[in-house]
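Worksheet: one structure, shown below.
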Amino acid sequence: MQLIDAASQRVRWSGVFQRPTDDLFAVISAVADSVATAIVGTLAPAERASLVRRPTTSNTALVAYARGVAAQRHFDEANLRDAVTELENAVAADSMFAEAWASLAEALSWQDSWVPPRQVMPRARAAALRALAIDPSSSAALAALAGIAENYDWDPARADSLARHALSRDSTNGRAWLYLADALNARGRADEAGPAYRAALAADTLDEQVAIEASSGLQIAGRTDEALAVTRRWRRLLPRSEAWDFAEALILAGAQRCSSSPPASPISALALACAGQAGAARARADTMVAQVERGEYYLPPGFLAWIFAGMGDHEGALRWFARAVEARTFLLVLARVDPMWDALRGDPRFAELLQRIRPADR
């Protein structure tokens, strides 16, 4: 094994390990202990204990869990589908594997960009509660419940409480920082939300799911330049990603900066509109609507509402926003403070829709 400093390419540590492969966790624990000791020196008893704590005794469960977590850090349908499959395999191999149940809850909840929320969110909640039943101190399970409270229950106060509880268990939990930031933003506390988004991004710089939601949140919190820095970093990493093209355009449209700095090489309908290609944007949007209406694929109504709002089509935006409320689309609780919707705030129909965005009866 080698640990290499990415900036200098200097080998910071190396070691050779020989262990029987019938106990993969023993190998992982030995490597983790050696790396940590080489970097920080002597470990505190609690730190050493955390490195040797076994989340599962099943090699099959551990391998499936590792694959699921790796896939879960990407924001696309194929990876999220693979993550759910692998994490379901993990809990099938070891039904008492709390961390796998918590990660399954996260993977299911993030599928709501490709599967109607009412189909996946109850399953996500059940998985998170199962994780907590096994391990009441699980930071990951508490964070998953915070995300569900924010994005499906539309209850930012509950999300705030759960996220803080998760962070009290693990202050490096990037998902918990993200959901805390969203909850603060939704409650009009943008000054506190900004540092929480930064903490979420810093926890894992290659967690695409956290990055894409944090970029939108930073814009809503009034930190447009920070938000654009996130999207442009990821567009360099994934230059043909429609998700990041859309994310950048959403930020520019919300900040009313399309005319001064439109997206380069726009792909999505919203980015085309932001780049001044109104005809192409309309054609793309109309095609998407027709495909969705024919049932060819699922697209969150909130995405279409954002697109029509960005094109200046207020009637289209209102129509799809209403459908988003009915579908319980994610991030709608932020509509009260999101500048993307400022042009509609004088419309009584929009005001009525905002009144319907409130904690769900469960």
Side-chain angles (χ1 to χ4, degrees), residues 50 53 55 65-66 68-75 80 83-84 87 90-91 97-113 117 120-187 189 192-218 330-331 333-334 359-360 362:
S50 72
R53 185 179 67 85
Y65 170 74
V69 169
Q72 185 185 330
R73 294 162 75 239
H74 300 280
F75 186 72
L80 262 295
V84 169
L87 292 165
V91 298
F97 192 173
E99 293 179 19
W101 281 110
S103 292
L104 176 59
E106 279 284 323
L108 285 166
S109 67
W110 280 84
Q111 276 196 317
D112 63 356
S113 289
V120 291
M121 287 301 198
R123 293 174 59 201
R125 193 194 312 276
L129 291 174
R130 179 65 185 273
L132 277 181
I134 298 167
D135 178 7
S137 67
S138 171
S139 176
L142 290 165
L145 287 173
I148 295 165
E150 175 73 17
N151 293 314
Y152 185 66
D153 298 335
W154 298 336
D155 190 345
R158 175 71 173 153
D160 184 305
S161 176
L162 286 164
R164 291 181 191 276
H165 193 184
L167 289 167
S168 73
R169 303 295 185 183
D170 178 6
S171 62
T172 67
N173 186 331
R175 301 295 176 110
W177 279 114
L178 175 69
Y179 301 137
L180 175 60
D182 282 343
L184 291 167
N185 230 358
R187 301 166 78 189
R189 294 159 62 180
E192 297 172 69
Y197 283 124
R198 292 187 205 109
L201 291 164
D204 184 346
T205 59
L206 290 178
D207 190 331
E208 186 183 4
Q209 292 182 357
V210 168
I212 204 161
E213 189 165 320
S215 67
S216 175
L218 283 165
F330 54 91
L331 295 182
V333 73
L334 288 166
R362 294 191 279 114

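These values consider heavy atoms only, across backbone and side chains, with no hydrogens, waters or symmetry-generated copies.
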Can you see whether Tyr197 engages Asn185 through a side-chain donor-acceptor pair at a distance of less than 3.5 angstrom? yes
Any donor-acceptor pair under 3.5 Å linking the side chain of [X] with the backbone of [Y]?
{"X": "Glu150", "Y": "Tyr179", "value": "no"}
{"X": "Gln209", "Y": "Arg73", "value": "no"}
{"X": "Trp177", "Y": "Ser171", "value": "yes"}
{"X": "Ser103", "Y": "Ala100", "value": "no"}
{"X": "Ser216", "Y": "Glu213", "value": "no"}

Rounded at 0.5 Å granularity, tell me how far [atom1] in [X] sits from [atom2] in [Y].
{"X": "Leu80", "Y": "Asp112", "atom1": "CG", "atom2": "CG", "result": "9.0 Å"}
{"X": "Leu145", "Y": "Leu129", "atom1": "CG", "atom2": "CG", "result": "5.0 Å"}
{"X": "Trp110", "Y": "Phe330", "atom1": "CH2", "atom2": "CZ", "result": "8.5 Å"}
{"X": "Trp101", "Y": "Leu132", "atom1": "CH2", "atom2": "CG", "result": "13.0 Å"}
{"X": "Gln72", "Y": "Leu104", "atom1": "CD", "atom2": "CG", "result": "8.5 Å"}
{"X": "Leu162", "Y": "Ser139", "atom1": "CG", "atom2": "OG", "result": "11.0 Å"}

Of the non-hydrogen atoms in [X] and [Y], which two are nearest, and what is the gap between them?
{"X": "Leu201", "Y": "Ala211", "result": "CD2-CA, 3.6 Å"}
{"X": "Ala183", "Y": "Ala159", "result": "CB-CB, 4.1 Å"}
{"X": "Gly68", "Y": "Ala83", "result": "O-CB, 3.5 Å"}
{"X": "Ser109", "Y": "Ala124", "result": "N-CB, 3.9 Å"}
{"X": "Ala181", "Y": "Ala196", "result": "CB-CB, 3.6 Å"}
{"X": "Gly174", "Y": "Ala203", "result": "CA-CB, 3.5 Å"}

Check this for me: does any side-chain nitrogen of one of Asp135 and Arg169 sit under 4.0 Å from a carboxylate oxygen of the other? no
Report the C-alpha distance between Arg158 and Asp153 in whole Å, list the side-chain angles of each, state the deciding distance to 0.1 Å, and finish with yes or no for side-chain contact (heavy atoms from CB on, under 4.5 Å). CA-CA 9 Å; Arg158 175 71 173 153; Asp153 298 335; 5.9 Å; no
Going by heavy atoms in the side chains, are [X] and [Y] under 4.5 Å from each other?
{"X": "Leu180", "Y": "Leu167", "answer": "yes"}
{"X": "Thr172", "Y": "Asp204", "answer": "no"}
{"X": "Leu142", "Y": "Asn173", "answer": "no"}
{"X": "Asp207", "Y": "Arg175", "answer": "yes"}

Decide side-chain contact (heavy atoms from CB on, under 4.5 Å) for Leu331 and Asp182; before the verdict, give the C-alpha distance in whole Å, the side-chain angles of both, and the deciding distance to 0.1 Å. CA-CA 8 Å; Leu331 295 182; Asp182 282 343; 4.1 Å; yes
Under 30°, 30 to 60°, or over 60°: which ring-plane class applies to Tyr65 and Phe97, parallel, tilted or perpendicular? tilted
Testing Arg123, Met121, Arg125 one by one against Leu108 for a side-chain contact (heavy atoms from CB on, under 4.5 Å), which residue passes? Arg123
